[in-house]
Protein chains: 4
Amino acid sequence: MARIVKAPEERRAEIVETADRLFREHGYAKCSVEMIIREIGVAKGTFYYYFKSKPDILEAIVDKTLAQIVESAKGIADEPSLTAMQKMEALLGNSHIGDDGSLEVAEMLHLPENRELHELTNIQTVLQLSPILAQIVEQGVGESVFEVDRPLETIQFLFTGAQFLTDGSMFGFSETELRARRLVMQTIIEKALGAKPGSFDFMNPIRTVE
Amino acid sequence: MARIVKAPEERRAEIVETADRLFREHGYAKCSVEMIIREIGVAKGTFYYYFKSKPDILEAIVDKTLAQIVESAKGIADEPSLTAMQKMEALLGNSHIGDDGSLEVAEMLHLPENRELHELTNIQTVLQLSPILAQIVEQGVGESVFEVDRPLETIQFLFTGAQFLTDGSMFGFSETELRARRLVMQTIIEKALGAKPGSFDFMNPIRTVE
Amino acid sequence: MARIVKAPEERRAEIVETADRLFREHGYAKCSVEMIIREIGVAKGTFYYYFKSKPDILEAIVDKTLAQIVESAKGIADEPSLTAMQKMEALLGNSHIGDDGSLEVAEMLHLPENRELHELTNIQTVLQLSPILAQIVEQGVGESVFEVDRPLETIQFLFTGAQFLTDGSMFGFSETELRARRLVMQTIIEKALGAKPGSFDFMNPIRTVE
Amino acid sequence: MARIVKAPEERRAEIVETADRLFREHGYAKCSVEMIIREIGVAKGTFYYYFKSKPDILEAIVDKTLAQIVESAKGIADEPSLTAMQKMEALLGNSHIGDDGSLEVAEMLHLPENRELHELTNIQTVLQLSPILAQIVEQGVGESVFEVDRPLETIQFLFTGAQFLTDGSMFGFSETELRARRLVMQTIIEKALGAKPGSFDFMNPIRTVE
DNA sequence: GATGAATGAGAATTCATTCAT
DNA sequence: TATGAATGAATTCTCATTCAT
C-alpha cells in the first residue's frame, strides 16, 4: 500500500484521535486495533510503533482529554478578576463563548457509549477537577454566595450524580426528559452548595430560538 | 465424568448464582464460560442448554437481582402503617433487621468490582427503584417532612450520585474518607429532599462499640 | 470442516507425534502451531484444548521421548543375569534384535535437525541416562572388564562427545567419514573406560551385505 | 537525531561487535534488530545498509570469531621451536600469557548461553580447528608423546565432548562438580591421545591462592 | 552514508459456540 | 438432560524489512 510519511506528532495525534472516536462509538473492548488502523489507512505495525499495547493508547486518550480539561479549568479558577459565580458559569455553562474547539467541562457530561474509557475518564475527571472546583466553592463561601461545610466531598458527589445525565442518555431519553433532569440537577446543586435558587440558571439557558 | 442430573430450575439457578458471583469477582469480560462451568463441575454443553449465549446469562443475573430488590422495596413502600421517614430508614438504613439473606437496597451502594454487571444493574436499579422511592417521597411531602418539586428526577440524581461511594471505594479510600463522603451524602440528600437536617442520621450510625 | 471426534488420549498422542516429527524436520521455532494442526487436519482450538502453549507441547515431547529411553535403559541395567559388557551391548549396539518400535538408546545419536528439542532432549538424556550407565560401568569395574575412576563424569563426557556424530550428520558427511568417526568413538570409549581394545566392536558391526 | 558519520569499516565492526555481544547475552532469536541498533544509537536503515538480513550478520559474527581463533591457533601450530606438548599447553591452557584481549581457544569451551550462535560457532570451530590440532598431535606422535591412530577424528570427538562442560554450566553446576568434570576431561584426553597421565595437568591448574 | 517512519505477513493465543455421543 | 471434544473466527502483538527523505 502507498506509504505516506507524516510527522511523528501528527501521526500519533491522528491515531489517538481516531481511537478516541472509535472507542466512544463502539466501546473499547469491541473496537479492535484492526478497526483503528483500517480507519486511518495505516499498517498494524504503525500502531505498535507509536503505542506499545492497546491499553497503552487508552491511557494516552485519557491523559490527553484530562489534560485539556484540567488546563482549561485551572485557567478559569486562577483568574483573579472573576467572582466565584462567574467562574462557575464559565466552567459549567453551555456558553461556548469564544469557542475555540477546546473541550468544555460541561461536555464531560455528554460523553461516551463505552465503559473503560467512560469510567476511567470520569473517575479521573472527578478526582482531578474536584479540587479546582472546591477551591472556587471556597472562594464563593468567602463571597457569601455559597454555604457548605465540605466543599470537596460535596463537589465529588455532585459530579458523580451528574453522570445520571450521561447514563440516562444511553437509554435515549427524550429532550423533554433530559431537560427535566437538567433542571433537577441545577436545583440540587444550588441546595447542596447553599446557593440562592436560580443562581445556577446558566446551566439551563432558555433557548428561544433553535 | 459422573453425570449428575438435577431438576432444571435447580441447575439453572446454580449456574446463575455461580456466574453472578464470578462476574462480580473478576468482571464479566474476564470471566469465561469455561470458568463458570469448571466452578460448578458441569459440562460446557450444559451451560448452553440453559442459556443460549453469554450475554444471555448476564441478563438473567440482572433480572434476578433486580427482581429481589424491587420486590423487597415494594413490600416496604406499600406498607400502609409506616411513615415516609420510617420507610426511608427501612430501605436505606444499614439495619438488617430480620436479615433473611436477601439483598438490601443499601447494599446496592456497596456493590461490585466490575463494569458490565455493575452498570447494567445500577442503571436498571435506578430506573426501577426510583419510582418506588419517588412514591415514598411524595408521601413524605404529604406528611410535610419533605419538600421537593420533582421527586422522581431528584431521586435519580441522588441514586447516581451515591455511586461516588462505590467508585471511590475502587480507589481504596480510607475509612475516614469514606465516612466523610457518607456524611456529605446524607447532607445533600436532606437538602435535596428538603428534609430536616439530621433526619437521615440513620445513614451514618454512630458506632460506639467496635 | 468435518468434525471427527477421537478418544482424548488418541488425539493427544496424535498431536504430540505430529509435532515431534515436524519439530525435528523444520525446527521448533520455524514450525508454527498452524503447521501442526494443518498437518493433522484439526482446528487450532483443538491444539490448545490439549496443550496450553507451544512450549508446553515441547515439554510433552521431551518427556515422552525420555520416558521411553530411560525405561528401556533401566530394564536392561537391572537385568541380574547379564554381565556389564552384555548390558553395554544391549544398550549401545545397533542390534535392534526383537525390534518392537521402541526407541533405542543408540538412536538418540541419530537425532534431529533442530535446536530447542535437540538440546533439551540431549541434555536431559545425558543427565538421566548417565547414572544408569555409570551403574553398569561400576558393575563392569567389579567384573574387571573396566577400569575407571569417575564413572559418572566419564560417561557424561562420552555422551556429549557422541554428539559429534549427530552434529556432523548435519553437514551431510559421507558414509565413509561417519564410519571413521564411529570407529574413533569406539576407541576412545574403550580407552576412557579402561576396556580391552575391541571389546566395543559391537558398535561398529561389519556389514558384509548392504 | 544527530547524524554521526563514521568510517564504513568502523561502523560495520561496531555493529558486528554489538550484535555479537547481544546474541551471546540473549540469544539470536530473542534479540531483535531493534535491540542492536538501539544499543549502538544508530538507525534501522544503517543496519540494513551494512547487512542485508539478520542471518547475514550472524554469519559475519561467526566468520570474525573463527578467523581470530584460527589465526591464533595457526600461529602457535606453525611455531617451529615448540614441542607438541608446549603447543598443546599454549592452546588449551588457561595461561593468558601476553593477553591482548583476543579470544583464546580455551575460551571456546566456556562459551555462551545461546543456541544458534553457540552451535554454529562450535561446529565451525571443530571443523576448522581440528585440522590444526590434529597436525600438532601428529607432531606429538613423531615426538613419541602421543600415540593415536586417527588424530583428526579423535580431536573432533574430544572437542565435541568438551562441550559437556559448557552444557553443564547451563545447569548451574557447582564449582566442585565443574572441577570433577574438568579432571575427567583431562584423563580422557590423555587416554585418547595416548599421552602420559598428568601430561595435561596444565588444564587443571592447582589454585593455591584465591 | 544515514535516518526512522511505515509496512505487513505471520505468530501465538482465546473463547464463545456447536455437535456427535 | 448432559457431556466434553472440536471448531474457527477474531485478537493482540512482533519484527524483519523497505523506502521516502
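In what follows, every chain begins at residue 1, and chains take the letters A, B, ... in the order their sequences are listed.
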Nearest to the side chain of [X] - [options]?
| X | options | answer |
| --- | --- | --- |
| B:Val42 | E:dA12, F:dT3, F:dT7 | F:dT3 |
| A:Ser32 | F:dT7, F:dT11, E:dA11 | F:dT11 |
| D:Val33 | E:dG1, F:dA16, E:dA6 | F:dA16 |

When you measure from the side chain of A:Lys54 to the backbone of A:Tyr28, do you find a donor-acceptor pair of N or O atoms at a distance under 3.5 Å? yes

Where the side chain of D:Lys44 meets the backbone of D:Val33, is there a donor-acceptor pair that is under 3.5 Å apart? no

For C:Ala2, answer base if it contacts any base atom (sugar-phosphate contacts may also be present), sugar-phosphate if it contacts only those atoms, and nothing otherwise; contact means non-hydrogen atoms under 4.0 Å. sugar-phosphate

Which residue lies toward the 5' end of DNA chain F, C:Val5 or D:Lys30, if each is placed at its nearest nucleotide? C:Val5

Which residue lies more 5' along DNA chain F, comparing D:Gly45 with A:Glu34 via nearest heavy atoms: A:Glu34

Mind calculating the distance between [atom1] ([X]) and [atom2] ([N]) to the nearest angstrom?
| X | N | atom1 | atom2 | value |
| --- | --- | --- | --- | --- |
| D:Phe23 | F:dA16 | CZ | P | 9 Å |
| C:Lys6 | F:dT7 | NZ | C1' | 16 Å |
| A:Arg38 | E:dG8 | CZ | P | 14 Å |
| D:Ile37 | F:dT18 | CD1 | P | 15 Å |
| B:Phe47 | E:dT18 | CZ | P | 12 Å |
| A:Ile57 | F:dC13 | CD1 | P | 12 Å |
| B:Phe51 | E:dT17 | CZ | P | 13 Å |
| B:Ile15 | E:dA16 | CD1 | P | 15 Å |

[X] vs [N]: side-chain N/O to OP1/OP2 distance below 4.0 Å:
| X | N | answer |
| --- | --- | --- |
| B:Lys54 | E:dA16 | yes |
| A:Tyr50 | E:dA6 | yes |
| D:Tyr48 | F:dT17 | yes |
| D:Thr46 | E:dT3 | yes |
| C:Arg11 | F:dA6 | yes |
| B:Tyr49 | F:dT3 | no |

Which is more 5' along DNA chain E, the nucleotide nearest C:Cys31 or the one nearest A:Ala43? Just name the residue. A:Ala43

Whichever of D:Pro8 and C:Lys52 has the more 5' nearest nucleotide on DNA chain E, that residue is D:Pro8

Any strand is fair game: report the nucleotide pairing with F:dT21 by Watson-Crick or G-U wobble, both distances under 3.5 Å, or none. E:dA2

Considering every strand shown, what is the Watson-Crick or G-U wobble mate of F:dA10 when both distances are under 3.5 Å? E:dT13

Please check if the number of heavy atoms outside A:Glu71 that lie under 6.0 Å from its CD is greater than 12. no

Does B:Lys64, at its NZ atom, have more than 12 non-hydrogen atoms belonging to other residues, nucleotides or ligands within less than 6.0 Å? yes

Would you say that A:Ile57 contacts A:Tyr50 through its side chain, given a criterion of any heavy-atom pair below 4.5 Å between the two side chains? no

NZ/NE/NH1/NH2 to OD/OE distance under 4.0 Å, A:Arg12 and A:Glu9: no

Tell me whether the side-chain N or O atoms of B:Lys44 pair up with the base of E:dT17 as donor and acceptor below 3.5 Å, since no angle test is needed here. yes

